[in-house]
Number of protein chains: 2
Amino acid sequence: MTMKLTRRDLLRRAAVTGGYGATYMLMQGLGIMAAPAAYAGPPDLPAGLGGGRHVAVLGAGVAGLVAAHELEKAGFRVTLLEARQRLGGRTWTIRDGDRIEHLGHESQVARLSPGIGFNAGPARIPSHHEALLSYIRALKVPLEVEVNSSRSAWHLSPTVNGGQPVRQRQLVNDTRGWLSELLGKATKRGALDGELTAEDKERLLAFLRAYGDLDADGAFKGTERSGYLRTPGAADQTGQAVAPLPLRDLFSPDTLPSLLFEDNILMQATMFQPTGGMDRITEALGASLRPGTIRRGAVVTSIRRAGDGVAITWRDNGTGKEQRLLVDQAIVTLPLPILARTDNDFPAPVKAAIAAATYDHANKVAFEAPRFWEAEQIYGGISFTGGENSLIWYPSDHFNAPTGLLVGAYNVGANAAAFQALPLAEQVARTRAAVARVHPGSAPHLQRGLAINWRLIPFNEGPWLHWEVDGNDPAAYALLNQPIGPIHLAGAHLSQLPSWQEGAVLSAQRAVTAIAHRTAAGGADIKTSLKG
Amino acid sequence: MTMKLTRRDLLRRAAVTGGYGATYMLMQGLGIMAAPAAYAGPPDLPAGLGGGRHVAVLGAGVAGLVAAHELEKAGFRVTLLEARQRLGGRTWTIRDGDRIEHLGHESQVARLSPGIGFNAGPARIPSHHEALLSYIRALKVPLEVEVNSSRSAWHLSPTVNGGQPVRQRQLVNDTRGWLSELLGKATKRGALDGELTAEDKERLLAFLRAYGDLDADGAFKGTERSGYLRTPGAADQTGQAVAPLPLRDLFSPDTLPSLLFEDNILMQATMFQPTGGMDRITEALGASLRPGTIRRGAVVTSIRRAGDGVAITWRDNGTGKEQRLLVDQAIVTLPLPILARTDNDFPAPVKAAIAAATYDHANKVAFEAPRFWEAEQIYGGISFTGGENSLIWYPSDHFNAPTGLLVGAYNVGANAAAFQALPLAEQVARTRAAVARVHPGSAPHLQRGLAINWRLIPFNEGPWLHWEVDGNDPAAYALLNQPIGPIHLAGAHLSQLPSWQEGAVLSAQRAVTAIAHRTAAGGADIKTSLKG
């Protein structure tokens, strides 16, 4: 359960992480911390490795920021080119006054109360995303709990409870009750005598009575776990459980989101959100870089080999002026649809792999609204509604405040492809109606909706891609993960976690390691300069 | 799903709750809020009902504070007598410098860092404890999430995994996998043909494959839900699930705490804690009372009828002076062991019921320590360890801070009765050793432990009592819930929720209603005064 590090390892790693990170590593080294499988720490590079060699990092999302951060720590000179004025890429917290542009839709301007932010991209962090969490710790970004699953949230599907919403607590616990009753019956009838000894059977039957809250005969008659019809109170007000849902309402694929979401390894409690918005992470990473490293409004127009190095051409979005940058190596985190349209001299198979990559669709629609859900005892968590909106996601912060940020739709896949084709106003209207099916009367309170269609967001043109589906080719993934001489592609799309910030961090760290290997192997040390 | 109120109801209730409460009630009345079964709001009394009549409330725990709050709103004059200098009763947040006294143990003085508090009594609030939450809302006590269950926490029992700790995620998901496999097998073998049609069986089998993460043949071979042996990373670092626990390790009563705790209706997410300590609630209630209402250090020595009213005698703990208070009615929230020793003229059956009430035992042992558990990816939640410490409860606040408040033991019942008989130092030492069995190497970091034995805390002498067990008599509960003329007993012990603050609130509200009824029925309006 524990991982031992040598003192030398400790000191090296403490030097890298610094501050509380050092304490953390020290504790781990002292053997008082059980290291879970996996994260080996950031690239473990000597501080002087870079020796002032110049690396361009294209794109200031999580991958680009982490790459720049690690490269500067290792003594590289970094230029980080970002097309937008803001950092973060898909890590995007929308606040009052922010303008939202889509390709093919009209502009929106966010109207939100002070303190209210909309995490339009990533909005939660699993407690095992250790690479991302290590930066959060080192940069002292405050974390709070993101309530990813709440038993009070609703489940809505046509086949359950006559199409009326039921609390997830009832779905979870009635399902467990019925399953336990059925398995108990089958066990008593000898159906599992091949698998179970007589003693096993007794143990299993006793277990099932507790697990399913069955009666002494092994029958499921309902359970307080599923909620109260009448809550326990003072004096003689005893609690009375709700009646169980009928067996045939359950065991349906419709119920799976509400039953299994909390046990998806990426969704399991404890989940986090940075206090104040997901972009606190990317802002902190940005602030950790040297003054002048980041060039905002810098749209990359060409990436070509130049001698042993790389020539990057970029256009200043403000002045329109083209500039050229010669560097020793480059890390390119641009989304593949953007990269496919950027002039380059990559080998033909690489160009083909980039051009063929097909991203998923994903949309979110959010409202600021009075917290009517809290009056239903819902504080965070997600109601799974099916339909085109898919779910309703409640805020985990500022409980009992007058208003909160409600995500009324978050859809992906074919559902999302159809949805993004609707006018934005229609997307918002349909989401409002979908929320009101679960929360009757709420529609008038769902004003100033904001819709985000990730396939249509400039400089992204997609939320993520899945290499095993959508006509994508896993061989392309393997190819793009190989360096193109001094050019290294990186980003969540080149990790096993394409829809998670952790994937971006790990891919960036891998690219930094590749840069270090090439540097140590003695890549040419060409003079670089900024030319305007 | 919605509850309609008349506009008159709304206005009355808005007047009672005020502020955001009014908005809340208004939204409920407008039908945009689905009212869950149960809480009807605080006693709905005219503001002038009390007409200055004087009520004594004995004990400033949650019940006494709520009673005083509601009585003052209804125009009663209230004197709230509290034996301690602090408010809150069992609602007790221990901070640096606080002295902890036990009957029969030596004094302890807490040594805790700034910002670190130990909720020695209640430490969590379910999201359906609507009565308590309504005061929290009205008094603007900030809430944060209490992570009651985390899949990253450990399960430890001799029968599982060879006695080595396993993550709760593995216990939960391996159990689900094996159960699904067994039920699928039995279903295919026709054991449930009496219950299920052929179509039902097909649906159930398809459901079980998803529910248990079974392979196409319905076999459970392990699941990523149970955790990673290798986490997914960049490029070709694919995720690899842990191997499943053997079937025979599961289906044991040992596993139930880790499997079922999160679905106990009182423990289901979302759970809360007040930011900064549970006593923020009782402090806010205290601050809501009129100046002079609360008498601290006032030990009640006698409760007797006097004409149509009540004569309370109390001793000032500072000066030692006895004082006498004549009031119209009284609410007595003293714990029954204390009340049994307080002079009174209650009817003999009432005296007997009070004297016979037997409280449970409960102990907590806490440490401030470096957050070694966070290095194990544990952020809040509870490890169920069995043994005399029972569990390890991790802090839900200040993630990534240098230290945190770790509850290393929380035991009840016979286990706790034996534990409290140990010297405090031994309680702390045994807890330290128990924590180190789950967190090897942590023992030296568990310093300055604090032990709380609720049966030995002066002015409490018990955590709660359960009327159905421990030789208690449910008839006594019914009797003590009846007024003794102008005297009304109240407290969590006279509710269906004896170990929850909600029970105290609801019992107090019931007592206030009884006071109001007696007042409206024209109880004598005797002159009252403070005599010293």
Side-chain angles (χ1 to χ4, degrees), chain A residues 2 24 27-28 30-34 36-38 127-128 137 143 145 147 149-152 169 173 182-183 186 189 191-192 203-204 207 210 224-225 228-235 238 251 256 263 265 268-270 372 375-377 379-380 399-400 440-442 481 495-497 506-507 510, chain B residues 2 24 27-28 31-34 36-38 127-128 137 143 145 147 149-152 169 173 182-183 186 189 191-192 203-204 207 210 224-225 228-235 238 251 256 263 265 268-270 370 372 375-377 379-380 399-400 440-442 481 495-497 506-507 510:
Chain A
T2 62
Y24 180 92
M27 290 199 301
Q28 200 165 46
L30 293 173
I32 75 164
M33 298 175 22
S127 49
H128 51 89
R137 259 193 304 271
L143 290 179
V145 176
V147 180
S149 295
S150 171
R151 287 286 186 264
S152 300
R169 63 168 53 88
N173 289 292
L182 290 177
L183 182 55
R189 288 169 189 165
L192 297 165
R203 284 177 69 222
L204 178 58
F207 173 85
E224 280 195 353
R225 297 173 194 164
Y228 290 117
L229 190 62
R230 183 180 62 190
T231 53
T238 50
F251 310 148
L256 293 171
D263 275 305
I265 185 67
Q268 291 178 7
T270 307
F372 52 83
E376 299 174 27
Q377 302 177 341
Y379 302 86
F399 299 124
N400 290 332
S442 64
N481 259 306
S495 81
Q496 304 287 334
L497 294 161
L506 293 170
S507 177
R510 182 172 178 275
Chain B
T2 62
Y24 179 95
M27 290 200 300
Q28 200 166 45
I32 75 163
M33 299 176 19
S127 50
H128 51 89
R137 258 192 305 271
L143 288 180
V145 176
V147 181
S149 295
S150 172
R151 288 286 186 266
S152 300
R169 63 168 53 88
N173 289 292
L182 289 177
L183 181 54
R189 288 169 190 166
L192 296 166
R203 284 178 69 223
L204 178 57
F207 173 85
E224 280 194 354
R225 298 174 194 163
Y228 289 117
L229 189 62
R230 182 180 63 189
T231 53
T238 51
F251 310 149
L256 294 171
D263 276 305
I265 185 66
Q268 290 178 8
T270 307
F372 52 84
E376 300 175 25
Q377 302 178 342
Y379 301 87
F399 299 123
N400 288 333
S442 64
N481 260 307
S495 81
Q496 304 287 333
L497 295 162
L506 293 169
S507 177
R510 182 173 179 273

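Hydrogens, waters and symmetry mates are skipped; everything else that's a heavy atom, side chains included, is used. Within every chain, numbering begins at 1; the chains are lettered A, B, ... in the order of the sequence lines, protein sequences first and strands thereafter.
By number of non-hydrogen pairs under 4.5 angstrom with chain A, the leading residue of B:Ala186, B:Ser507, B:Ser150 is B:Ser150. Chain B forms the most heavy-atom pairs under 4.5 Å with one residue out of A:Thr270, A:Leu204, A:Asp263, A:Leu183, and that residue is A:Asp263. The residue among A:Ser495, A:Ala269, A:Pro232, A:Ala235 with the most heavy atom pairs within less than 4.5 Å of chain B is A:Ala235. Counting heavy-atom pairs closer than 4.5 Å to chain A, the top residue among B:Leu256, B:Thr238, B:Leu143 is B:Thr238.
Interface residue B:Arg510: only side-chain heavy atoms are found under 4.5 Å from chain A. For A:Ser127, the parts lying near chain B are the backbone and the side chain together; criterion is any non-hydrogen pair under 4.5 Å. Contacts between A:Arg203 and chain B at a heavy-atom distance below 4.5 Å involve backbone atoms as well as side-chain atoms. For chain B, the nearby part of A:Val147 is the side chain; its heavy atoms alone come within less than 4.5 Å.
In terms of modelled atom types and a separation under 3.5 Å, the side chain of A:Gln268 and the main chain of B:Ser152 share no donor-acceptor contact. Between the side chain of B:Arg189 and the backbone N or O of A:Ala191 there is at least one donor-acceptor pair closer than 3.5 Å.
No side-chain heavy atom of B:Gln496 sits less than 4.5 Å from a side-chain heavy atom of A:Thr231.
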